[in-house]
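Numbered from 1 within each chain, the chains take letters A, B, ... in sequence-line order. Keep in mind that what you see is a predicted model, and the values were worked out from it rather than measured.
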There are 2 protein chains.
Amino acid sequence: MDRTYTITELAREFGITTRTIRFYEDRQLLQPTREGTKRVYSRGDRTRLKLVLRGKRLGWPLDEIREMINMYDPHGGEVLQLTTMIEKLKANRDTLLQQQRDIQQSLSELDQLERNCLDQLASMTPSPLAAANS
Amino acid sequence: MDRTYTITELAREFGITTRTIRFYEDRQLLQPTREGTKRVYSRGDRTRLKLVLRGKRLGWPLDEIREMINMYDPHGGEVLQLTTMIEKLKANRDTLLQQQRDIQQSLSELDQLERNCLDQLASMTPSPLAAANS
DNA sequence: CACAAGGTTGACGTTAACGTAAACGTCATC
DNA sequence: GATGACGTTTACGTTAACGTCAACCTTGTG
């Protein structure tokens, strides 16, 4: 039930290198326990790593990802002032909403562009002769 | 009707430095004309810059942004093979859709978290005495 | 026991995306 | 004619996010 993972398992599962995982630890994004000298990752660690990668896909710097994650998961020590936290949540949401709008725009422009391409392709392929109509 | 812009105008409008704009030119994202030695930016250049910044907000590297933009705006020379182009569009859309999912997840988790915070706040503020109930 | 597979800690290298500074040109204006 | 606002190029500095060794420990397995 409380499964654990080795560093290479996680690396393989998420398609990253062990170096990257250790780097994230150095940057305080993960803090696995040890069994002797070896790192042991819990389910929670795995989840945190997943969140890190999601943040990365959205282009966030590791520092902000760490703040983000620590809010989601107070993991013991630092219980932020609630109001401060709500402030940050708001800022975070604004960023996300902006990204959402950006994506929406990009997608619709991309659709438009693709339609043009397909049309143009369609007007070329049916008959080679059509190409002569310049 | 065919308004033009100076480098500092654009910098101020978009909240970036002139250094950044020149850097984008160096990386082939912009190619303004010259009036003597000075750069002159057209409406199209301004639009391209806007697209660049949008890409940045989504965390894309400048190289991909350039490819993206060049697809949107063949601007003369390089007419890509249509099929190649459609391939790239597809890949691009996949990335965008992934980002969209990531954002959706993030937003909903964030909402959940905020609700918790607000609840907790609500249970504290009404009466200071309530805090004694540990 | 040898040794291969996986783990560890340094420490230096690399790339992207600018920042920062130097050294200079060009006007309008005081 | 000096000053200041705005522009230019060239070049080195910086930060983030890893990659790439090297040199070493620790196990189970044939």
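- What separates CG of A:D26 from P of C:dA11 is a distance of 13 Å, to the nearest Å.
- Residue A:I65 contributes atom CD1, which lies 12 Å from atom C1' of D:dA16 at whole-angstrom precision.
- Checking D:dA17, C:dG6, C:dG19 against the side-chain heavy atoms of B:T17 singles out C:dG19 as nearest.
- The side chain of B:R27 sits closest to C:dA16 out of C:dA16, C:dC18, D:dC18.
- The side chain of B:R34 approaches D:dT9 more closely than any other nucleotide in the set D:dT9, D:dG19, C:dA16.
- Rounded to whole Å, the distance from CD1 on B:I21 to P on D:dC6 is 14 Å.
- In this structure, A:T18 reaches neither bases nor backbone, as no heavy-atom distance under 4.0 Å exists between it and the strands shown.
- Within the structure, a side-chain polar atom (N or O) of B:T8 is placed less than 4.0 Å from OP1 or OP2 of D:dG7.
- The phosphate of D:dG7 (OP1 or OP2) has a side-chain N or O of B:T6 nearer than 4.0 angstrom.
- Rounded to an integer number of Å, the gap from B:E35 CD to D:dT8 C1' is 15 Å.
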>> Before you tell me yes or no, could you show the steps for A:Q105 and B:R54 under side chain to side chain donor-acceptor pair (under 3.5 Å), namely the whole-Å CA-CA distance, both residues' side-chain angles and the distance that decides it to 0.1 Å?
In response: CA-CA 9 Å; A:Q105 282 260 348; B:R54 188 164 85 193; 3.2 Å; yes

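- Each of D:dC18, D:dG7, C:dA17 was ranked by its minimum atom distance to the side chain of A:F23; first place goes to D:dC18.
- Ranking C:dA17, D:dC18, C:dG6 by closeness to the B:D63 side chain, first place goes to C:dA17.
- In this structure, of D:dG7, C:dT8, D:dA17, it is C:dT8 that holds the atom nearest to the side chain of A:I7.
- To the nearest angstrom, C1' of D:dC18 lies 13 Å from CG of A:L29.
- Salt bridge annotation for A:E13-A:K50: absent, with no cationic side-chain nitrogen under 4.0 angstrom from a carboxylate oxygen.
- With rounding to the nearest 0.5 angstrom, the CG atom of B:L62 is 14.0 Å from the CE atom of B:M68.
- If you take OH of A:Y41 and P of C:dG7, they are 9 Å apart, rounded to a whole angstrom.
- Side-chain N/O atoms of B:Y24 include one lying less than 4.0 angstrom from OP1 or OP2 on C:dC18.
- Side-chain contact check for A:Q104 and A:R101: no donor-acceptor pair (N or O, by modelled atom type) lies under 3.5 Å.
- Regarding B:L53, its CG atom lies at a distance of 13 Å from the C1' atom of C:dA17, rounded to whole Å.
- For the pair A:R48 and A:E25, the salt-bridge criterion is not met [side-chain N within less than 4.0 Å of a carboxylate O].
- Here D:dA5 presents its C1' atom at 10 Å from CZ of B:R12, a figure rounded to the nearest Å.
- Between C:dG7, D:dG7, C:dG19, one nucleotide has an atom nearer to the side chain of B:R19 than all others, and that is C:dG19.
- Residue A:R22 is classed as a base contact, given a heavy-atom separation below 4.0 Å to a base.
- Closest approach to the A:T20 side chain among C:dC18, C:dA17, D:dC18 is made by D:dC18 (side chain taken as heavy atoms from C-beta onward).
- Taking side-chain N and O atoms only, B:K56 has a distance below 4.0 Å to OP1 or OP2 of C:dC18.
- Side-chain atoms of A:Q99 come within 3.5 Å of backbone N or O of A:L58 as a donor-acceptor pair.
- Checking the phosphate oxygens (OP1, OP2) of D:dA16, no side-chain nitrogen or oxygen of A:R66 falls inside 4.0 Å.
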